[in-house]
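Here is the structure we will look at.
Residue numbers start from 1 in every chain, and the chains themselves are labelled A, B, ... in the order their sequence lines are given, proteins ahead of strands.
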Number of protein chains: 2
Amino acid sequence: MAATRQNRVAVWAQIAEDLRAQITDGTHPADAQLPTEADLTAKYGVARATVRQALAALVNEGLIVSRAPRGYFIRLRKPLYYRPQQEFRPQPLSPEMDRFMMDHSADGREPRQTIEVSIVDPPEDVKKRLKLADGELAAVRRRIRYLDGEPFNTNDSYFPLRLVQDTEIMRPADIARGANEVLAEAGYPQVRALDEIYTRMPTPEEIRRLDLAPGTPVACHICTGLCPDGTPVRVVMNILPGDRHVIVYERGGIDLDEK
Amino acid sequence: MAATRQNRVAVWAQIAEDLRAQITDGTHPADAQLPTEADLTAKYGVARATVRQALAALVNEGLIVSRAPRGYFIRLRKPLYYRPQQEFRPQPLSPEMDRFMMDHSADGREPRQTIEVSIVDPPEDVKKRLKLADGELAAVRRRIRYLDGEPFNTNDSYFPLRLVQDTEIMRPADIARGANEVLAEAGYPQVRALDEIYTRMPTPEEIRRLDLAPGTPVACHICTGLCPDGTPVRVVMNILPGDRHVIVYERGGIDLDEK
DNA sequence: GAGTGGTCTAGACCACGTA
DNA sequence: ACGTGGTCTAGACCACTCG
């Protein structure tokens, strides 16, 4: 537990551990206010900087949040389920599965999204997955999704420019039937997809766009859509704040692995 | 960018931004050493604590790591692909997909795992998913997996105790044919699964077990295995350090959604 | 106006790795 | 032996929110 190189635990780490135990053991209700920095310096008899180091640790763990100048508060997690397979299987495989999902549904929350379309030289990640030729450009539809006015996730869809030029995809408006349908009509139906998911701390840009609190990691979900002949025609980069999402996959009809 | 409540950017935030730009723009090679704290205090003409705050920010973003008392170093990301569907589809759907995966393979790295088996009153998460009666116990196989001696992920498999008592599952040894096979032989074949994935900062316990650097989020992958009648018989809780894993799903044969 | 957290300073001592 | 980062202290001023 954060032992210093000496055989002892730093004072700030002990304070952090104290507070962490109180938070996780449910002593305080969610959203409760913690003692002030002044309270803690008095209680533990240390300098303010030491208390601040303890609190900063908890902030970076995502356990508490500072609402200056009001104080520190216990953070609550209210993730919604997020389903990459959504359109494929709108219904859960079984009522049992549904149970878990009911806890966090978007019922009654008002969705909204902003859309920007532009032509770009895409980032290396995307370029590789789209198998773009050197210097070849892509169209990107950048969306930020909101729920009740709060940013929920971002969704940047990249298409090889040559495939979508002069299609509806280039217009910054909702596409009721979906961009995939448009792409299919243009002769590029997607029949397979590769989902890649990894997690990291957000960039300052992402913190800004998604209004992320410190200590909030993001999941990066990259979906590559392929035509029957294996040509990639679409790469979607989703940024999912960890405090707002649970990604769900349902699998069935096969022997299931352990890992 | 970390503006203070005044209309200015904090000095530490500017220093962090400077360094961040240098790191992400590839000015320095990966694993390069940053200037020392003393260098930076001199360069920017500020107190050491200010420089340390900038560096701490980058550490928490996962961009750099401190190897005291040697200095700060740029962090490298070398994730391996992790496939929940592994046994289902050992081969990628197409050579195109394989391309992305070749970059990070476990070739030539020596895998090892530790196994502990115990009987526990499982955490609430697990209890709910296993639909355990009040006070009902579970067997848990806790595994830590290593690659070349370094911890890679943890895998805790929970089973209702009544189903697995007196089976091979209770012995802390490798099960060559897999715990699922044992469960199937006992009359509980799994035909469906629900995967839930979310991301958060690790607990101190996880930091210890997985030897995580600061600024490393984890993905929590919970797999619930169900019998044909919908009874959950197994819940697996995987903890996947973000700097070591990319989770991969392949989907095919269906219309694919955008989200 | 009182109290909060955010920022910044100028010191100090320590353990540890490396040269 | 030296330089490194880790820890801790004792101050200071500020902007903001709330009563």
Side-chain angles (χ1 to χ4, degrees), chain A residues 1-19 23 31-75 204 207 212-215, chain B residues 1-19 31-61 63-75 204 207 212-215:
Chain A
M1 162 66 53
T4 55
R5 289 200 292 295
Q6 336 163 22
N7 269 348
R8 77 186 179 96
V9 175
V11 175
W12 68 262
Q14 296 181 40
I15 299 174
E17 195 170 10
D18 267 15
L19 295 172
I23 293 166
D31 208 41
Q33 182 166 6
L34 266 66
T36 65
E37 292 180 356
D39 291 342
L40 294 170
T41 58
K43 172 173 177 184
Y44 290 98
V46 297
R48 187 178 163 216
T50 305
V51 162
R52 278 182 64 79
Q53 187 159 3
L55 291 166
L58 299 180
V59 168
N60 286 322
E61 288 172 32
L63 288 179
I64 64 175
V65 63
S66 162
R67 298 191 202 135
R70 296 182 42 218
Y72 292 91
F73 295 82
I74 296 179
R75 216 172 139 185
I207 291 173
L212 300 177
Chain B
M1 162 64 54
T4 55
R5 289 200 291 296
Q6 331 164 25
N7 270 349
R8 75 184 182 99
V9 175
V11 175
W12 69 261
Q14 298 183 39
I15 299 174
E17 194 170 10
D18 267 15
L19 295 172
D31 209 41
Q33 182 167 5
L34 268 66
T36 65
E37 292 181 356
D39 291 342
L40 294 169
T41 58
K43 172 173 178 185
Y44 291 98
V46 297
R48 187 176 163 218
T50 304
V51 162
R52 278 181 65 78
Q53 187 159 4
L55 291 167
L58 300 181
V59 167
N60 286 322
E61 288 172 31
L63 288 179
I64 65 175
V65 63
S66 161
R67 297 191 203 136
R70 295 181 44 217
Y72 292 90
F73 295 83
I74 296 179
R75 215 170 140 186
I207 291 172
L212 300 177

### Query
Could you state the CG-P distance from A:L34 to C:dG3, rounded to the nearest angstrom?
20 Å

### Query
If only side-chain N and O atoms of B:R67 are considered, is one of them under 4.0 Å from the OP1 or OP2 phosphate oxygen of D:dG6?
no

### Task
Can you figure out which of C:dT18, D:dT7, D:dT4 approaches the side chain of B:R70 most closely?
C:dT18

### Pair A:Y72-A:L58, side chain to side chain contact (heavy atoms under 4.5 Å, CB included): steps then yes or no
CA-CA 10 Å; A:Y72 292 91; A:L58 299 180; over 6 Å; no

### Message
Working note: B:L40 + B:L34, criterion side chain to side chain contact (heavy atoms under 4.5 Å, CB included); need CA distance, chi angles, decisive distance, verdict.
### Response
CA-CA 9 Å; B:L40 294 169; B:L34 268 66; 5.8 Å; no

### Query
Tell me, which of residues 43-61 of chain A have any heavy atom that sits under 4.0 Å from an atom in DNA chain D?
A:V46, A:A47, A:R48, A:A49, A:T50, A:Q53

Got a list of side-chain donor-acceptor pairs under 3.5 Å for residues 60-67 of chain A, not counting sequence neighbours?
from  : atom 1 : to    : atom 2 : distance (Å)
A:N60 : ND2    : A:A56 : O      : 3.2
A:E61 : OE1    : A:R20 : NE     : 2.9
A:E61 : OE2    : A:R20 : NH2    : 2.7
A:R67 : NH2    : A:D31 : OD1    : 2.7

### Separation of atom CZ in A:R8 from atom P in C:dA15, rounded to whole Å
9 Å

## Note on the structure
B:P69 has its side chain closest, among C:dC16, C:dG3, D:dG6, to C:dC16

### Task
Compare the minimum distances between each of C:dG6, C:dC8, C:dT4 and the side chain of B:V11, then state the nucleotide with the smallest one.
C:dC8

#### Entry: Rounded distance in Å - CD (B:E37) to P (C:dC14)
18 Å

#### Entry: Phosphate contact (C:dG5 OP1 or OP2) by A:S66 side-chain N/O below 4.0 Å
no

### Query
Does B:Q53 reach the main-chain N or O of B:V11 with its side chain, forming a donor-acceptor pair under 3.5 Å?
no

### Query
Once you build an axis from the first five pairs and another from the last five of the helix from C:dG1-D:dC18 to C:dT18-D:dA1, how far apart in angle are they, to 10 degrees?
0°

### Summary
The reported gap from CG in A:L55 to CZ in A:R48 (rounded to nearest 0.5 angstrom) is 10.0 Å

### Query
Any donor and acceptor pair, going by atom type alone, linking the side chain of B:E37 with main-chain N or O of B:V51 inside 3.5 Å?
no

### Query
At their closest point, which heavy atom of A:A57 faces which heavy atom of A:W12, and how far apart are they?
CB-CZ3, 3.8 Å

### Query
Starting at CD1 of B:I15 and ending at P of C:dC8, how long is that distance when rounded to a whole Å?
8 Å

### Query
Does any N or O in the side chain of A:D18 come within less than 3.5 Å of the main-chain N or O of A:I15, such that one atom is a donor and the other an acceptor?
no

### Closest contact, heavy atoms only, A:A16 versus A:A54
N-CB, 3.8 Å

